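Contents: one structure, followed by commentary.
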There are 2 protein chains.
Amino acid sequence: MESDGRLTRGMLIQGALGEGKMLQGSLDSSGPRFTPLVVVELASDTKEEAIAWILSRIRDQQQNGGAELLVEQLGPGVGAQEKENPNMFLVGATRQRLLSGAEEVGLFKECNDGSMRGFTCANKHNFKDFEGDGDSFLNMAECQYIIKHELDTLRAKDETHVPGHTQVKLYPGKSIIRRLQSKGILIQIFPLHGQEELKRLSFSWYKKVKLSFQPLDNIRHYYGEGQALYFGFLEYFTFALVPMALIGVPYYLFDWEDYDKYVIFAVFNLVWCTVILELWKRFSASLAYRWGTLSRKKAFEEPRPGFHGTLGFNPVTGRKEPLYPNAKRQLRVYLVSLPFVLLCLYLSLYIMMIYFQMEGWVLSFHDEEPTFWTGILMFIPSIIYAVVIEIMNLIYRYAAEFLTEWENHRLESSYQNHLVLKVLVFNFFNCFASLFYIAFVMQDMVLLRQSLATLLITSQILNQFMEAFLPYWLQRRRNKKMIRKVQKRRTVEEKELPLAEQVRLEADMSTYLGTFDDYLELFLLFGYVSLFSCTYPLAAVLVVLNNVTEVYSDAFKMCRVFKRPFSDPAANIGVWQLAFEAMSVIAIVTNCALIGMSPQVKAYFTESETQLILWTVAIEHMLLAFKFILTFLIPDVPKHIQIKLARLEFESLEALKKKWILMASQNVDRWMVERDAGLHAWRV
Amino acid sequence: MESDGRLTRGMLIQGALGEGKMLQGSLDSSGPRFTPLVVVELASDTKEEAIAWILSRIRDQQQNGGAELLVEQLGPGVGAQEKENPNMFLVGATRQRLLSGAEEVGLFKECNDGSMRGFTCANKHNFKDFEGDGDSFLNMAECQYIIKHELDTLRAKDETHVPGHTQVKLYPGKSIIRRLQSKGILIQIFPLHGQEELKRLSFSWYKKVKLSFQPLDNIRHYYGEGQALYFGFLEYFTFALVPMALIGVPYYLFDWEDYDKYVIFAVFNLVWCTVILELWKRFSASLAYRWGTLSRKKAFEEPRPGFHGTLGFNPVTGRKEPLYPNAKRQLRVYLVSLPFVLLCLYLSLYIMMIYFQMEGWVLSFHDEEPTFWTGILMFIPSIIYAVVIEIMNLIYRYAAEFLTEWENHRLESSYQNHLVLKVLVFNFFNCFASLFYIAFVMQDMVLLRQSLATLLITSQILNQFMEAFLPYWLQRRRNKKMIRKVQKRRTVEEKELPLAEQVRLEADMSTYLGTFDDYLELFLLFGYVSLFSCTYPLAAVLVVLNNVTEVYSDAFKMCRVFKRPFSDPAANIGVWQLAFEAMSVIAIVTNCALIGMSPQVKAYFTESETQLILWTVAIEHMLLAFKFILTFLIPDVPKHIQIKLARLEFESLEALKKKWILMASQNVDRWMVERDAGLHAWRV
């Protein structure tokens, strides 16, 4: 009986959708009957029955295990060609479905009383921006995130394989989309840009001339919390460096190299680095609270698409899924990846030694016959070395990705952590090994200053070029072709591209690979500024200048070069906080050593070098201890947000208690009966 | 109408209890009609109406805001005297009430499938030891904890003051018991010992001759998780020191002072200290999981009894309660407490310098005319200093408690943290300053070894004496008096004391003030063993020996000297883990410095002292880095427990999801109606 009832309901909806499709058939191909939010591209050789099955699973009701979303095939473009992939699908959802989805993903929204609470459909009218039917309650990025979540959690039922593709096996309870993705049937899934909003955002972000803060709330509104936190951090970091830059300028201009001023500058820098990192945690907590990601709970993590292994039962979920023994993974990590990384570090050291030999040759050449050209030649080794470093970083990056993939991590987060660690260590080594060598082995402060400047400036220019202008230029060429093609067939009066063209244009754009590279760049800049700050006070000035242009080029890149990324409900900058803190610890060690080695300080300890070193080490240890105490003393979350979080928790505890008392009063009659027996039983 | 119904029910219960009292009136005074679990002692000058009100609130039903517990006045003792306090009350509860209380406090118990879950009355039969009515399901310590929790959360309703005591104001929603406690009406509240279980426990713990592990599960069963974790840590720590002791013995016996053996010993110690602290975290997580405290959630913390301030609204609960501005507290901490602590540290340094002068005098005296007596005189300054240190620690402890009380912390946990920090820093300084001075200023390794031995042995003997034997002796004298008095009136055939006598006897016992002093002692011993381990390899042997006797004296103290403490559902050893880790970091620094200073090592770097120091510092930094990496690499919770915790979380997420899908299917009819409107509204 029950399954019959379900069938009827399901058929009704299918009928309704069918009707919609028929209606749409009479319209032009400019768009489906709903707002398209997400594009799903299947391989062009996907079997018809597989497509029909996928669409039916996406459309099916939730109680039947479907995603209950709306989906339409994208009509052919104006300049339809043979090579165009016909299997592009637009996905959307009804308002009602999106609201229930918002509850499912645990979205936090602001209430009428100003607090942030998990959205529930039952209490929807308590939320601040919920007006009427709640049409404008969820923004586009949130809707797209909800649709992605619903698609991701679409699970196989009793199908053993994808219809039409017998080699693509399915396991009950596992995500279909991830399976299709890892088997190459699903090529890509991406959210559409909102043209109107993007125009407004890009104007307020990087197009207007007036200097102002970045529109962080708008960025979050359009790209989600992860992106907005990156831009927030970039801006915060830039402002935080301004005091260091301001203090550094007179040191550079007037060649202040007195002992006391020198030490004061370095100590200020060290304390300042600790303080800004601690304050960032508080600032980021404020942002995350305002954006509703601070108290949001993480859902159970599914295995990442590329994960493989022998079939078994997951000890946590009890579901059938591939398992891979942890010991085997550890062996791969420690016996292959670790030696490989160490080998690369050795290679990097070797190249560094070649660089120093080249430096030596050029210097001797210049010393023999100093001319204008040999003066210029002096800079050549540094520039070559900087370029080689960039290239090595790129190659190593691919190797690291391959190795981490091969280590076969079950979770995306674990994969990311191993990748970040590999790349971080190598980049750190690659960028700073030569500086360490110059500073502590050669002890040549003039060369250190010169190398620092060359490395900093070269890597900045290269980065800006490779990151924004090169992809943009490639993209532009492709776009122009398509726009020209479209305009050939259409009148020029229509400024906006038709939907089908717009979707295909965006599908061809490069994919934004996350904030990894952006953070890495900031991390290395932070290293240049903090590690040897006392030898080159101008570093902070250069980094501030770089960051200002970085804001513009990154903003431009996000708006014009890349596909829109799915929003990522991040509550903090994650592993990068740790990385920056580790850097600030290393900076204490290097700066103390540099000060101890400086001739001005040595002049104070003429009779005993031992005394000098002991003092340096003692001060270094005190600074380290002070740093750790400071980290403990400054709370990570501002007081007023702590209070708000505590209030939420208190309310949920109170609700639980009310439930208990209610239950107790319901039990009172039973209690009256059992009491005498109980009293008797409890007597000694 | 509703209140009438309530009244009738309340009256019914009152009637039933009244009947019980009447029945009991005809029996002897040996005990009430229920198992007494907790004793509440009110001041002897408490007004009759206040007592009646308190008892009625404790007895009243939960839905009327009562605690729904059973309570009886304790009859007069056999040797009843004028000075005996008549206001002693025995509190108990019905089995049913205890089970619902167990759900309320969020007790975790083992299920039939071997996992640990929060107990609920609805699923009670899924739990492993739940048989029949569940009579033996909760142990006595758990029942006492539940009763304490219920009493603590008994809140004022619309009363403005305690009846009969107009000066004791009450605020709606605040804990009555805490108010009575801070106003001195409630003198004490303590759980009763279970004589039978105590006898069995003390036999298996310290009375039997055979050497074996401590009965940790039984200790936890009787004293709760906090105590059991302390004894678990004490045992773990003892066993963990055995390898260090074993390696240390040949160094001491054969006077091995070669460079390589020396360094190997120190490095082994440093790595070992890190490893044992990391492994303890895993071991403690296993214990806490087995005992059900690992995943238990903390309830909202009420202000501690002594907290005062101007009346206002708590920003979290919205309830009226005393508020005290945080800025004022910070001022007290930084402008009064901090300078006071620094002053005490200075005083401690001053006394240390006097000690060294005394040492000098004695030494010169001995050098003039060396006899047997001057040889003994050599030890006198050390012994005096050790005794003075103990006395200073005691005095400082009172001052620290007074100051921390005066700082007026709102929460018990914050009070404890500030107190622990104050006492820890001073004790550390007091115990180790002289050793640091000898090691790094005087650089006299022979004196260091001698002082270390003297300090270690003296403080051990003093501690054991002050901690267990002195209180026991005092207690015994008191007990003997009472037993003699009782036996005067009774026949000698009854071995067990009657209940009333037993309760009064326990009420007179000293109160156990928590694990603070026990952990502090272990912390200082760990310092002796780790900070200067490479100069005195026998330290570990002495500490192992001390710990073995410590187990016995602590066990004896818990069973015979003190009142039973309320169990404390701790999941770990809290701030002490941090303290021990900080000590192991300091140990790396001191040991590296000691090795660098040793003549054997200096012999290797004859030409350049600078090289020696640089190498020492480099190795020290590498060891520190290695320690932090090791801390990161070793997971804090063993894998199999991580999986069990993840399974619990996964199940609760799945249950939530099922609820959503159910709601969605209930909404489907509404959805069908709203769909067309929705589709229309979402169209561009």
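Only this structure's heavy atoms are used, side chains among them; waters, hydrogens and symmetry mates stay out. The structure presented is a predicted model; accordingly, all values stated were derived computationally and were not measured. In what follows, chains are A, B, ... by sequence order, proteins preceding strands, each numbered from 1.
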Which atoms of [X] approach chain B - backbone, side chain, both or neither, heavy atom under 4.5 Å:
X: A:V585; result: neither
X: A:E620; result: side chain
X: A:L578; result: side chain
X: A:F632; result: side chain

Could you check whether the rings of A:F628 and B:F628 sit parallel, tilted or perpendicular, using 30° and 60° as the cut-offs?
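If you compare the ring of A:F628 with that of B:F628, the planes turn out parallel.
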
What distance separates B:L624 CG from A:H621 NE2, expressed to the nearest 0.5 Å?
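Between B:L624 CG and A:H621 NE2, I get 6.0 Å after rounding to 0.5 Å.
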
Indicate the atoms forming the closest heavy-atom contact of A:V316 with B:R647, along with that distance.
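Between these two residues, the closest heavy atoms are O-CG, 2.9 Å.
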
Of B:T616, B:L612, B:I613, which is the lone residue that meets side-chain contact (heavy atoms from CB on, under 4.5 Å) with A:I613?
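Single pass found, and it is B:I613.
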
Using heavy-atom distances under 4.5 Å, tell me whether B:L614 contacts chain A through its side chain, its backbone, both, or neither.
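Looking at B:L614, just its side chain touches chain A.
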
